[in-house]
Amino acid sequence: MNWNDYHSYIEITPPQDFTLQECLVFLGRSEHENLHQIRDGYLYKLIKIKDELVLLKIGEAANLIRVEFPASAPTLEARRKAATYLWEWFDLSQELEPFYEMASSNMILHKIVDEYRGLRLIGIPDLFEALTWAILGQQINLAFAYTLKKRFVEEYGESLTFEGSTYWLFPEYKAIANCSIGDLKMLQFSTRKAEYIIGIAQLMTSGKIRKEDLLHLKDYQQIKQSLTAIRGVGAWTADYVMMKCLHFTSAFPIADVGLHNALKIQLGLERKPTLEEIEVLAKNWEGWQAYATFYLWRSLYG
DNA sequence: ATCCAGGAGTCCG
DNA sequence: CGGACTCATGGA
């Protein structure tokens, strides 16, 4: 991780193949998003560092990522954690050349990697958030999923108001472990979604699911099995979480409806492709299925 | 009104 | 193991 500390702000030197603007386009895809804001070309994000809410203002300065701390003077630890957070959020450890190399000769991918070059797989570093967001999105349209998330965040998350704008933090699992099914049903969660999410909050509170433990397993299949053993987590959710939270570039949520729609459009099909057809199409994506999927999702947002 | 949505669990043979 | 059924409700 390459960053410079100027005490009141920091600058991160991104790796090759990084374009902040492309990442901001993806982050700005939904009007309903309340876990970050984009204004005047700057990205605002609230994070928590040792019980303290820290607002980040992220922008570009001469090909560097500059992070300012508009709401309060940052401690050294806050500056370090901010750099670490951004490095993970934007997946800056990844070397994308092999992906672009593969994609350049791929019938489906070559056009979109050219168009969105520099886009990184925007992650969800917090495991509880990744799991919860995936479960919220199961089998309902995305607009409604965002509505549910907004209610959930604004009911159980912490917030900071600065210069007239309110910034939200995703709820912590400890705060949700004590919820009843009825509490979440009041937000229009289905019984199933409420059960799954409270169950996961309880598993995490008791230490039975931890991101570090999953990452230590290393092996793709072991981690996927550990995840799908959780009630409410099927193959799609496990791959989604491995892709967005655990940084597995080979994770592949092959049953994803958004992926199907993107492939249908890219290929000019009358219908969505079948799973068997997708397996054939993705034959050469080996090792980069997550990035291929992510770029295809991006293609759905104009 | 009708169909679909960034699925998962359960049951049945 | 593979397929059908159930959940559950907003959006287009």
Side-chain angles (χ1 to χ4, degrees), chain A residues 25-35 108 112 116 119 121-124 127-153 170 181-203 209 221 224-246 248 251-266 269-279 281-282 285 289-302:
Chain A
V25 169
F26 184 83
L27 285 164
R29 70 195 181 283
S30 173
E31 304 292 327
H32 304 86
E33 180 61 66
N34 65 346
L35 291 176
I108 303 162
I112 58 178
Y116 312 129
L119 171 66
L121 202 163
I122 307 298
I124 304 177
L127 178 61
F128 180 59
E129 181 185 341
L131 283 162
T132 300
W133 175 231
I135 288 167
L136 285 180
Q138 289 171 2
Q139 188 58 22
I140 60 174
N141 64 74
L142 262 183
F144 184 46
Y146 274 109
T147 300
L148 293 179
K149 180 171 89 161
K150 188 178 168 71
R151 288 178 188 154
F152 184 65
V153 167
F170 196 79
I181 308 288
D183 290 337
L184 298 188
K185 287 189 81 165
M186 284 196 297
L187 308 180
Q188 279 183 286
F189 283 35
S190 66
T191 306
R192 289 288 175 269
K193 287 192 197 302
E195 286 173 0
Y196 296 164
I197 289 165
I198 292 169
I200 286 169
Q202 291 172 346
L203 285 171
I209 306 173
Q221 285 304 332
K224 189 164 176 177
Q225 272 178 24
S226 302
L227 285 169
T228 53
I230 302 166
R231 183 171 153 80
V233 178
W236 175 84
T237 299
D239 277 313
Y240 181 87
V241 168
M242 292 184 73
M243 167 178 172
K244 296 277 282 185
C245 184
L246 305 182
F248 274 76
F252 191 19
I254 192 168
D256 184 80
V257 172
L259 172 69
H260 301 173
N261 285 329
L263 287 171
K264 175 186 165 190
I265 293 168
Q266 292 302 317
L269 303 174
E270 291 294 317
R271 51 161 181 81
K272 290 186 288 187
T274 65
L275 291 184
E276 292 74 19
E277 288 167 336
I278 296 171
E279 279 171 8
L281 292 169
W285 300 356
Q289 294 92 330
Y291 261 88
T293 301
F294 193 75
Y295 270 66
L296 283 161
W297 284 347
R298 167 65 183 86
S299 73
L300 292 170
Y301 299 107

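Throughout, protein chains are lettered first and strands after them, A, B, ... in sequence-line order, and every chain is numbered starting at 1. Below, each value reflects all heavy atoms present in this structure, side chains not excepted, and no hydrogens, waters or symmetry copies. Being a predicted model, the structure only gives us computed values, none of them experimental.
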Write out a two-atom table: protein N or O, nucleotide N or O from nucleotides 3-6 of chain B, distance below 3.5 Å.
residue, atom, partner, partner atom, Å
B:dA5, OP1, A:Lys272, NZ, 2.9
B:dA5, OP2, A:Lys272, NZ, 3.3
B:dA5, O3', A:Ile140, O, 3.3
B:dA5, N7, A:Gln139, NE2, 3.0
B:dA5, N3, A:Gln139, O, 3.4
B:dG6, OP1, A:Leu142, N, 2.3

Item checked: Parallel, tilted or perpendicular, as decided by the 30° and 60° cut-offs, for the rings of A:Phe294 and A:Tyr291 -> perpendicular
Next item on the list: Output, in order, the C-alpha distance, side-chain angles, deciding distance and verdict of side chain to side chain contact (heavy atoms under 4.5 Å, CB included) for A:Trp297 and A:Asp256.
Entry: CA-CA 10 Å; A:Trp297 284 347; A:Asp256 184 80; 2.9 Å; yes
Item checked: Side-chain (A:Arg151) to main-chain (A:Leu187) donor-acceptor, under 3.5 angstrom -> yes
Checklist line | 5' to 3' contact window, DNA chain C with chain A (heavy-atom distance under 4.0 Å) | finding: C:dA8 to C:dG11
Next item on the list: Answer yes if the ring centres of A:Phe26 and A:Tyr116 are under 6.0 angstrom apart, and no otherwise.
Entry: no
Checklist line | Span that lies between the C1' atom of B:dC4 and that of C:dA8, in whole angstrom | finding: 13 Å
Check: Taking for each residue the nucleotide of DNA chain C bearing the nearest heavy atom, is the 5' side occupied by A:Arg192 or by A:Thr147?
Finding: A:Arg192
Check: If you look at every strand shown and take non-hydrogen atoms under 4.0 Å, does A:Ile230 touch a base, only sugar-phosphate, or nothing?
Finding: sugar-phosphate
Next item on the list: Enter the distance from A:Leu296:CG to A:Ile112:CD1 here, rounded to the nearest 0.5 Å.
Entry: 4.0 Å
Notebook entry, point to check: A:Ile108 versus A:Trp285: any side-chain heavy-atom pair under 4.5 Å?
Noted result: yes
Check: Under 30°, 30 to 60°, or over 60°: which ring-plane class applies to A:His32 and A:Tyr146, parallel, tilted or perpendicular?
Finding: parallel
Next item on the list: Determine the Euclidean distance between corresponding P atoms of B:dA1 and C:dG10; express it in Å to zero decimal places.
Entry: 15 Å
Margin query: Taking A:Lys264 first and then A:Glu277, would you say they form a salt bridge - that is, a charged N and a carboxylate O separated by under 4.0 Å?
Written below: no
Next item on the list: Name the nucleic acid region contacted by A:Ala235, choosing base, sugar-phosphate or nothing; use a 4.0 angstrom heavy-atom cut-off, strictly under.
Entry: sugar-phosphate
Margin query: Between C:dC5 and B:dC3, how far apart are the two P atoms, rounded to whole Å?
Written below: 16 Å
